[in-house]
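Written below as structure tokens is the structure these notes are about.
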There are 2 protein chains.
Amino acid sequence: MEKVPEYCRVEDALGILVGKWKPVILLYLLQEGTKRFSELKRSMPGITQRMLTKQLRELEDEDIIERVVYPQVPPKVEYSISEYGRSLEPILEAMHEWGSKHTLHKMEKQNQKSM
Amino acid sequence: MEKVPEYCRVEDALGILVGKWKPVILLYLLQEGTKRFSELKRSMPGITQRMLTKQLRELEDEDIIERVVYPQVPPKVEYSISEYGRSLEPILEAMHEWGSKHTLHKMEKQNQKSM
DNA sequence: CAGGATCCCGAAGGATACTG
DNA sequence: CAGTATCCTTCGGGATCCTG
């Protein structure tokens with residue numbers, strides 16, 4: 001087998017999903033389509049403007065989402081999943097599903113302890 | 001749609017994969033089966049003992065890997081993917097594959113810039 | 001409205017030394 | 001061999017304030 005660390009490309013995908021709000025943003029845009037900055041912000045209680053901006057920029061830099069600016073006052077900016085970004089959908093869904101089961105798994109484990 | 005942040009379980013799966021060496025460890029154990037601590041260490045140039053131990057413990061705590069200690073001198077400890085941990089395999093492979101393609105994607109993008 | 005600029009903190013991770 | 005224990009650095013992320 002090839003040397004492992006060089007061979008493993010999991011982290012290249014991981015790097016895109018990692019970020020406290022990225023999975024949420026992606027799942028939201030995948031399901032709801034195009035959204036404005038303020039809509040995104042409203043849908044994610046607790047996120048700050050700075051954080052939302054940062055996460056969106058990083059996703060945009062990786063070509064996962066698209067950003068459209070409407071030159072008007074007040075400003076209007078829309079975000080959506082790019083064609084390329086859609087290729088991540090199966091992975092996100094698989095993780096979402098696995099995560100749901102794992103949450104149950106941990107709860108059962110917790111219950112055993114307290115018996 | 002339900003409130004997004006509460007609904008999204010992607011991070012529950014993500015939390016297990018995140019850690020500088022976890023994907024590498026998992027991919028290695030998935031492909032090579034059972035390995036000793038020293039074998040793992042040798043296969044991952046750059047990792048420190050402390051880090052390897054930490055990542056293994058965290059994966060063990062999530063029931064993803066199994067740890068078997070042979071009470072002998074010198075010590076012998078073997079690690080392997082658990083039955084439960086195998087359920088992560090499709091996700092890891094999907095991410096590995098996506099990551100490979102994304103690496104190419106970024107290279108092409110880079111070339112365009114320098115033209 | 002959609003951000004950029006600063007300041008700050010805690011957790012992740014590296015280096016090194018010691019041990020049953 | 002397979003770990004702990006300590007110390008130190010880096011960086012993601014929160015809070016707050018300012019602006020075209």
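Proteins come first, then strands; the chains are lettered A, B, ... in the order of their sequence lines, and each starts at number 1.
Here dA12(C) presents its C1' atom at 17 Å from CG of Leu17(B), a figure rounded to the nearest Å. Between Leu52(B) atom CG and dG14(C) atom P there is a gap of 12 Å when expressed in whole angstrom units. Atom C1' of nucleotide dC1(C) and atom CG of Leu56(A) are separated by 14 Å, given to the nearest angstrom. Per the geometry, CD1 belonging to Ile25(B) stands 11 Å off P belonging to dG13(C), to the nearest Å. Distance Lys54(A) NZ to dA2(C) C1': 17 Å, rounded to the nearest Å. For the pair Ile47(B) CD1 and dG13(C) C1', the computed distance is 11 Å after rounding to whole Å.
Applying the salt bridge (Lys or Arg N to Asp or Glu O under 4.0 Å) test to Lys22(A) and every residue at least two apart in sequence or in another chain returns Glu58(A). Checked against salt bridge (Lys or Arg N to Asp or Glu O under 4.0 Å), Asp63(A) has the following partners two or more places apart in sequence or in another chain: Lys109(B). Residues satisfying the side-chain hydrogen bond (donor to acceptor under 3.5 Å, both in side chains) test with Glu62(B), not counting sequence neighbours, are His102(A). Annotation: side-chain hydrogen bond (donor to acceptor under 3.5 Å, both in side chains) contacts of Arg67(A) (sequence neighbours excluded): Tyr79(A). Scored by the side-chain hydrogen bond (donor to acceptor under 3.5 Å, both in side chains) test, Glu39(B) finds no partners at all (sequence neighbours excluded). Under the rule for a salt bridge (Lys or Arg N to Asp or Glu O under 4.0 Å), Lys106(B) has no partner lying at least two apart in sequence or in another chain.
Close approach of DNA chain D to chain A, defined as any atom under 4.0 Å from a non-hydrogen atom of the protein, starts and stops at dG13(D) to dG20(D).
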### Under 4.0 Å protein heavy-atom contacts per nucleotide of nucleotides 15-20 of chain C, with B for base, S for backbone only and - for none
B----B
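In this structure, the helix from dC1(C)-dG20(D) to dG20(C)-dC1(D) shows an angle of 50° between the axis at its start and the axis at its end, each fitted on 5 base pairs and rounded to 10°.
Side-chain nitrogen and oxygen atoms of Trp21(B) include none within less than 4.0 Å of the OP1 or OP2 phosphate oxygen of dA12(C). Checking the phosphate oxygens (OP1, OP2) of dG14(C), a side-chain nitrogen or oxygen of Lys20(B) falls inside 4.0 Å.
Contact of the Lys54(A) side chain with the Arg57(A) side chain is not registered, since no non-hydrogen atoms from C-beta on lie closer than 4.5 Å. His105(B) has its side chain out of reach of Lys101(B): every pair of non-hydrogen atoms, C-beta onward, lies at least 4.5 Å apart.
Residues of residues 58-72 of chain A having a heavy atom closer than 4.0 Å to DNA chain D: none are found.
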Output a table of donor-acceptor pairs, distance under 3.5 Å, between side-chain atoms of residues 86-97 of chain A and any protein atom two or more places apart or on a different chain; print 'none' if there are none.
from, atom 1, to, atom 2, distance (Å)
Ser87(A), OG, Tyr84(A), O, 2.6
Ser87(A), OG, Trp98(B), NE1, 2.9
His96(A), ND1, Arg9(B), N, 3.0

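Taking Ile, Leu, Val, Met, Phe, Trp and Tyr as members and joining any whose side-chain heavy atoms lie under 4.5 Å apart, directly or through other members, the hydrophobic cluster of Val68(A) also contains Tyr70(A).
Panel note: side chain Lys41(A), backbone Ile47(A); a donor-acceptor pair is recorded below 3.5 Å.
Note that the CG atom of Leu56(B) and the CD1 atom of Ile64(B) stand 12.5 Å from one another [nearest 0.5 Å]. Glu108(B) contributes atom CD, which lies 6.5 Å from atom CG of Leu104(B) (distance to the nearest 0.5 angstrom). Rounding to the nearest 0.5 Å places CG of Leu17(B) at 9.5 Å from CG of Leu17(A).
Across all strands, Lys41(A) comes closer than 4.0 Å to no nucleic acid atom at all (heavy-atom distances).
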